[in-house]
Each structure stands twice: as structure tokens, then as C-alpha cells.
Number of protein chains: 2
Amino acid sequence: MSDTHTGVPSALEYELPRPVPADELAACPAGEVFRRVGDKWSVLLVVLLGGRPHRYNELHRAVEGISQRMLTRTLRGLEIDGLVRREVLPTVPPSVEYSLTPLGRSLLVPLSALADWAVRHEGDIRRARSDSTGR
Amino acid sequence: MSDTHTGVPSALEYELPRPVPADELAACPAGEVFRRVGDKWSVLLVVLLGGRPHRYNELHRAVEGISQRMLTRTLRGLEIDGLVRREVLPTVPPSVEYSLTPLGRSLLVPLSALADWAVRHEGDIRRARSDSTGR
DNA sequence: CAGCATCCTGATTGATACTG
DNA sequence: CAGTATCAATCAGGATGCTG
């Protein structure tokens with residue numbers, strides 16, 4: 001890790017963990033992720049599974065508001081992306097347990113930071129909104 | 001409340017900055033934010049404006065791929081949420097400069113963390129995807 | 001230059017019904 | 001219990017054309 005990065009002047013009032021690869025972001029890599037983060041269900045499920053593994057209907061009940069279709073779809077997507085692991089338990093009534101993969105757990109970190117920001121600045125946003133409401 | 005799950009905080013794997021308020025998240029506060037983050041344009045514009053203030057067509061050129069409609073819409077949304085500031089400069093050909101508000105700049109931090117994660121784990125996701133390609 | 005209005009398309013989502 | 005299948009509605013988003 002070289003210390004001296006690009007000659008970016010310290011014109012930033014807030015410090016950025018990284019210069020933020022705007023190009024990269026525009027390209028695609030982060031785009032995919034932000035897509036996932038975009039839909040409420042994915043984030044919610046990751047967070048939920050971050051606490052504990054859940055079974056299908058357990059998730060259905062926990063979220064309550066999501067349709068089976070979306071629950072399945074979202075879980076599939078997360079599974080495909082390697083964020084969630086799906087394990088079928090050999091019980092008489094079939095049970096399926098969903099859990100976070102290490103990759104999924106690692107996502108939980110920046111996700112938490114964002115969620116934290118959201119909670120912390122919820123008031124600011126609402127105020128800003130009502131300030132220009134009804135126009 | 002401390003870490004209530006698996007007893008031993010296995011910091012060996014991944015540590016969570018916060019237990020992540022699943023309830024809060026499900027409620028709405030964060031939901032709004034994740035909505036914003038969801039659409040690629042918002043994030044991209046925030047990142048772009050995070051580097052420097054830009055004028056309308058400047059953004060249009062920078063992003064290049066966004067339609068005027070979406071550019072305007074997204075900027076409006078960000079402005080309403082108090083993340084972006086719109087300043088009309090009294091020039092002969094009207095110029096409008098968009099910049100990040102302090103709130104917007106603060107969002108840049110967790111956003112960068114997420115973008116960083118995305119870039120870092122891009123390969124993992126791609127691998128996971130091609131591994132279970134639904135061909 | 002900056003921005004709005006209109007039309008149109010495809011992806012996303014929800015409700016419902018059915019199955020192993 | 002854990003899904004899949006289908007239909008209809010919604011909506012993000014793009015293209016185009018027109019103002020101040």
C-alpha cells in the first residue's frame with residue numbers, strides 16, 4: 001500500500017474513506033450491488049438473516065408484507081450472488097433454512113453503516129421533504 | 001444491549017458495527033434511503049457531486065447515459081431530500097450549479113463504504129453467479 | 001443552457017391459485 | 001412447509017419535442 005495517492009488536494013470537508021471510484025461505479029461493479037441494495041427486500045432479508053438463520057415461512061412471517069413470490073425471488077437472487085445459503089433439511093415436512101454466507105456477512109458491515117446513517121438522519125430528510133412539500 | 005447472539009463474538013470472521021436495527025429498517029426510515037440508493041442515478045450523482053459541484057449539462061455529460069428526464073428527476077429528488085443544493089447563477093445564459101449539502105456529504109461516507117465493498121467483492125459475486133448460472 | 005411535458009416500453013411487484 | 005405458475009397493475013426509465 002503506497003501512502004501517497006493521487007494528488008487530490010484536501011478540498012474535502014468530510015473525509016472520504018476512498019476517493020470513490022466514480023468511473024468504476026458508473027461502469028458496473030458497484031452498480032450491481034446498489035441494485036440489490038435498492039430493493040427493500042434484499043436488504044431487509046440480509047439484515048434479518050444476519051441475526052440468525054431463518055426458515056422460509058419464518059422469513060415470510062418476519063417480514064410480513066412481502067409476497068411469497070418476492071420472498072422466493074429475492075432469496076434466489078441473493079443465493080445466486082453468493083450472499084445467502086439455502087439448506088434443505090431432511091425432515092418429514094420439508095424444511096429449508098436460509099443463512100448468510102461469509103460474503104453476505106461481510107456485506108452486513110457497510111450495510112449497517114448505511115442503515116445507521118439512515119436512522120440517524122431520518123429526521124433531516126423528513127424535515128427537508130416537508131420543507132418543500134406540496135409544491 | 002450487547003451482542004446477543006452466538007455467545008462468543010467471533011470477531012475472527014466479520015464484526016458488525018451494530019446489531020443493525022432490523023425493526024427500524026423494516027419500518028421505513030432506512031427504507032427511504034435504500035430506495036434512493038437503489039436507483040443507480042442517485043448514487044452516481046451524489047458521488048459525482050461529492051467530488052465537485054457541477055452544472056446541469058456538465059452532469060449530463062459526465063454521466064452520459066442518463067436522459068434529461070432522469071437527470072432532472074433525480075436531482076429534484078435529491079434536492080427535496082436535502083442532499084443536493086441547487087443554485088441558479090445570474091448569468092446571461094442561465095447557469096445552474098448543483099452541489100452537495102452537508103447532509104449529502106455525510107451520506108458520502110457510508111456510501112463509499114458500500115461502494116468499496118462492491119468493488120472489493122465484485123469478483124466473488126461474479127464467480128458465485130457464473131457458478132449457478134441459470135442456463 | 002437548463003428544464004418541463006408527453007408518450008411509450010420493459011422490468012418489477014403483488015394477488016391468487018396450484019403442487020410436491 | 002416450501003415453493004411454482006399465471007395474470008394484472010405499477011413504475012422506473014428512455015425518446016422526443018418544446019420553452020424561457
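Chain naming here is simple, since letters A, B, ... match the order of the sequence lines and numbering starts at 1 in each.
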Tell me, please, which residues at least two apart from P53(B) pass side chain to side chain contact (heavy atoms under 4.5 Å, CB included). E97(B), S99(B)
With sequence neighbours excluded, what pairs up with T91(B) under the side chain to side chain contact (heavy atoms under 4.5 Å, CB included) test? L89(B), P93(B), S95(B)
For [X] and [N], what is the distance between atoms [atom1] and [atom2] respectively, to the nearest whole Å?
| X | N | atom1 | atom2 | answer |
| --- | --- | --- | --- | --- |
| L45(B) | dA2(C) | CG | C1' | 15 Å |
| E58(A) | dC1(D) | CD | P | 11 Å |
| L71(B) | dA15(D) | CG | P | 14 Å |
| M70(B) | dC4(C) | CE | P | 12 Å |
| I66(A) | dT12(C) | CD1 | P | 15 Å |
| N57(A) | dT4(D) | CG | P | 13 Å |
| H60(A) | dA2(D) | NE2 | P | 11 Å |
| L59(B) | dA2(C) | CG | C1' | 12 Å |

If I take atom CD1 from residue I125(B) and atom CG from residue L103(A), how far apart are they, to the nearest 0.5 angstrom? 6.0 Å
Interface with DNA chain D, restricted to residues 90-99 of chain A and to heavy atoms under 4.0 Å: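 Result for residues 90-99 of chain A: P94(A), S95(A), V96(A), Y98(A), sorted by number.
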Side-chain N or O of R55(B) versus OP1/OP2 of dA2(C): is the shortest distance under 4.0 Å?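 It does, given that an N or O in the side chain of R55(B) lies less than 4.0 Å from OP1 or OP2 of dA2(C).
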Of the listed nucleotides dG13(D), dA2(D), dG3(D), the one nearest the side chain of D39(B):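 Out of dG13(D), dA2(D), dG3(D), the nucleotide with an atom closest to D39(B)'s side chain is dG13(D).
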Listed nucleotide nearest any side-chain atom of T72(A), set dT4(D), dG3(C), dG13(D):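 When the side chain of T72(A) is considered, dT4(D) is the closest of dT4(D), dG3(C), dG13(D).
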5′-ward residue of the pair R35(A)/R86(A) relative to DNA chain D: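 On the 5' side of the pair lies R86(A).
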Is there a residue in residues 73-84 of chain A whose heavy atoms reach under 4.0 Å of DNA chain C, and which residues are they? none
For N57(A), side chain to side chain donor-acceptor pair (under 3.5 Å) partners two or more places apart: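 Once residues adjacent in sequence are excluded, N57(A) has no partner under the side chain to side chain donor-acceptor pair (under 3.5 Å) criterion.
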Check side chain to side chain donor-acceptor pair (under 3.5 Å) between W41(B) and all other residues, then give those that pass, not counting sequence neighbours.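 Residues passing side chain to side chain donor-acceptor pair (under 3.5 Å) with W41(B): none at all.
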Find out whether L71(B) and V63(B) are in side-chain contact, i.e. whether some heavy atom of one side chain is under 4.5 Å from a heavy atom of the other. no
Do L83(B) and L107(B) touch side chain to side chain, with heavy atoms closer than 4.5 Å?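 The answer is yes; the side chains approach within 4.5 Å.
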Rounding to the nearest 10°, end axes of the helix from dC1(C)-dG20(D) to dG20(C)-dC1(D) built from five pairs each make an angle of 50°
Given DNA chain C, 5'-ward residue of the pair W41(A) and Q68(A), judged by closest heavy atom: W41(A)
Ring pair (Phe, Tyr, Trp, His ring centres under 6.0 Å): pairs with one or both residues in residues 68-118 of chain A, sequence neighbours excluded: W117(A)-H121(A)
With sequence neighbours left out, what residues match H54(A) under ring-ring contact (aromatic ring centres under 6.0 Å, His included)?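 Counting only residues at least two positions away or on another chain, H54(A) forms no ring-ring contact (aromatic ring centres under 6.0 Å, His included).
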Please list all pairs passing the salt bridge (Lys or Arg N to Asp or Glu O under 4.0 Å) test where one or both residues lie in residues 75-88 of chain A, with sequence neighbours left out. R36(A)-D81(A), R76(A)-E79(A), D81(A)-R129(B), R85(A)-E87(A)
Please tabulate, one pair per line, each protein N/O and nucleotide N/O from nucleotides 6-10 of chain D that are separated by under 3.5 Å, including the distance.
residue: dT6(D); atom: O4; partner: R69(A); partner atom: NH1; Å: 3.4

Side chain to side chain donor-acceptor pair (under 3.5 Å) contacts touching residues 60-75 of chain A (sequence neighbours left out): Y56(A)-T72(A)
